[in-house]
Amino acid sequence: MLKLVRFLFNSLLFGALFLMTFSCTSKESAPLDHLVFRYNEHKNIGSLDPAFSKDLADIWATHQLFNGLVQMDDQLNVKPSIAKHWSITDSAKTYTFTLRDDVFFHKHELFNSNLSSSNQDSTRLVTASDFEYSFNRLRNKAIASPGSWVLNKVEGFSAINDSTFQIKLKQAFPAFLGLLTMKYCSVVPKEVVEHYGNDFRSHPIGTGPFKFKRWEENLKLVFRRNNNYFETDSINQQLPYLEAVAITFLPDKQSEFLQFAQGNIDFVSGLDGSYKDEILTTVGQLKSNYIADVNMIRGPYLNTEYLAFFMESEVSTIQSLKLRKAINVGFDRNKMMMYLRNGIGIPANGGFIPKGLPGFDATIGFNYQPDLAKQLVSEFKAETGIKNPEITLTTTSNYLSFCEFIQRELQKTGLMVSIDVIPPSSLKDAKANGQVDFFRASWIADYPDAENYLSLYYSKNFAPKGPNYTHFKNDTFDDMYEAAYLETDYNKRIELYTKMDSLLMASAPIVPMFYDEVVRFTRKNVTGLGINATNLLELKSVKKSELKN
């Protein structure tokens, strides 16, 4: 009865929110339902300013509103956006971008030069000086953008003229174009940003396929179609196809799924424990009662879920390579994925670089070998005289089931594992400051290049100053990492990445558990919603057909 009451309440709430979204207070007429894409953001949204697009929820929203010089397609290829082409010179240290001449900011009264009619919305062309302003703002310490690091390798940048923007690097960095696809690097208009100040977060003006309409925080967020958008499809039809995007903020994933099952939202991302057994079989297929109404799409996600050892720990079980390898071969990753994720996710039998990213090699990691695990534990006992070796694994509640699975498997080898569950914020601080010896972690790509993953094991990146939480140090690894920066031959650079990953796994400072997958569920009348390894939500090419009675 309680579940039914909750479901009815949420259904009524969502219906009320949707009606509010397109109420008569809007000057624009409400679009037909099949022209509105609706989804729920259970994690909420912190800002619509691209300089603060750190979390996925914010990135999804700002991606609809803003563009940068370049963009990434679903195959992780860097493509033109506001820059129609570019050249790379000076030993790969100078990037010169030529801008399109048909990209305009969303309309706003501040663009109107006619003061007598200042209430009339207008627009203006994007020029290279807008990128100069936007990049300087990203660097501005007073702004304190969490994305300022993307320009760490940049020596300087300037607008050569209205249509030419140039960036000079301190040293060659092959992944730089991938960095520029991040929302941090979006172009923003100086006059609007400086007018609103900090309130630009809730008054965004960009160039994207949708424009900001209304935001009632914790309730609803509405975007409308940008009729001046510059991109077209393969038959020269202007994008986007949709008239509006409506986002709600129900905080409960189970309630979100119920709304989807009832057709009140068009899309659900990810697989939550509250509904995974409801919609999927144990092998990751849609259950029969959903096949007629729901589409499922899945693919590799640039996210490695793993356990890590603090290599400077004085604990003997951490220092032992044999025990670290015993843990790696002592549990069945395939069984873990079937039982705990309904087959969604790829067992991590390779290295740290996830499947879907160049440099991945499925042969360099560890497979389930229970006899070898027992042998390695026995050898450790004989060498050290420790009859009952123990190790403590620190995790958060979200991953307790995975850690308990590994705990049970390793007990069969003679290694006792204790599990310490702490809040995410506490674990974040503890691993940054070397206060945990063995801990669960994950790494989602900041940009789609294996260098981003391997940077976690470069000795000059020791936490807390960098992301090397394990304090792994290997001179050969460091030499290859630095050589990769200077390698302009793509295939040779990828070969270096694989060698580094193999070297890492030989020392076993980590236990890769699985490479995540993006999984998306949509209603049958939604088409054009693709999937990509960065889990970016691309709505400019989405269509919805009208449901027939």
If you look at every heavy atom in E517 and G343, which pair is closest and at what distance? OE1-O, 3.9 Å
Do T470 and N468 pair up side chain to side chain, a donor and an acceptor below 3.5 Å, judged on atom types alone? yes
Would you confirm whether the ring centroid of W60 sits within less than 6.0 angstrom of the ring centroid of F37? no
Could E379 and K322 be called an ion pair, given the rule that one side-chain N must be under 4.0 Å from one carboxylate O? yes
No-hydrogen, no-angle side-chain donor-acceptor test under 3.5 Å, S47 and D49: no
Whether K431 engages the ring of Y469 as a cation-pi pair (distance to the six-membered ring centre under 6.0 angstrom, angle to the ring normal within 45°) should be assessed. yes
Please report the C-alpha distance between F257 and F521 in whole Å, then the side-chain angles of each, then the deciding distance to 0.1 Å, and finally whether the side chain to side chain contact (heavy atoms under 4.5 Å, CB included) criterion is met. CA-CA 10 Å; F257 178 74; F521 303 100; 5.8 Å; no
May I ask you to say whether K253 pairs ionically with E256, meaning some side-chain N is under 4.0 Å from a carboxylate O? yes
Pairwise ring pair (Phe, Tyr, Trp, His ring centres under 6.0 Å) hits with a residue in residues 301-335, at least two apart: Y306-F352, F309-F438, F310-H471
What are the two closest heavy atoms between N198 and R201, and how far apart are they? O-CG, 3.3 Å
If a pair satisfies salt bridge (Lys or Arg N to Asp or Glu O under 4.0 Å) and one of its residues is in residues 266-285, list it, with sequence neighbours excluded. R38-D266, D266-K544
Do any pairs count as a salt bridge (Lys or Arg N to Asp or Glu O under 4.0 Å) and have a residue in residues 341-357, sequence neighbours left out, and if so which ones? R341-D516
Tell me whether E314 at atom CD has more than 12 heavy atoms from other residues, nucleotides or ligands lying less than 6.0 Å away. no
Kindly check if the number of other-residue, nucleotide or ligand heavy atoms within 6.0 Å of NZ (K524) is above 12? yes
Are more than 12 heavy atoms from other residues, nucleotides or ligands located less than 6.0 Å from atom NZ of K54? no
Donor-acceptor pairs under 3.5 Å, side chain of residues 386-403 to any protein atom, not counting sequence neighbours: which ones?
residue, atom, partner, partner atom, Å
Y399, OH, E305, OE1, 3.4
Y399, OH, E305, OE2, 3.1

Give the C-alpha distance, both sets of side-chain angles, the deciding distance and a yes or no for side chain to side chain contact (heavy atoms under 4.5 Å, CB included) between K43 and D55. CA-CA 9 Å; K43 291 185 178 179; D55 298 326; over 6 Å; no
Closest non-hydrogen atoms of D74 and G530, given as atom of the first, atom of the second and distance, are OD2-CA, 3.8 Å
Identify every side-chain donor-acceptor pair in residues 420-427 under 3.5 Å, counting partners at least two apart or on other chains, and give the distances.
none

The ring pair (Phe, Tyr, Trp, His ring centres under 6.0 Å) partners of Y497 (sequence neighbours excluded) come to none
Intermediate values then yes/no, side-chain hydrogen bond (donor to acceptor under 3.5 Å, both in side chains), D478 and S459: CA-CA 7 Å; D478 287 352; S459 65; 2.4 Å; yes
Using 30° and 60° as the class boundaries, would you call the ring planes of F173 and Y447 parallel, tilted or perpendicular? perpendicular
Do the non-hydrogen side-chain atoms of P467 and W443 ever get within less than 4.5 Å of each other? yes
How long is the gap from CG on L138 to CG on L151, to the nearest 0.5 Å? 5.0 Å
Between the side chains of T248 and N40, does any donor sit under 3.5 Å from an acceptor? yes
Ring centroids only, cut at 6.0 angstrom: are Y485 and Y481 within range, meaning strictly under it? yes
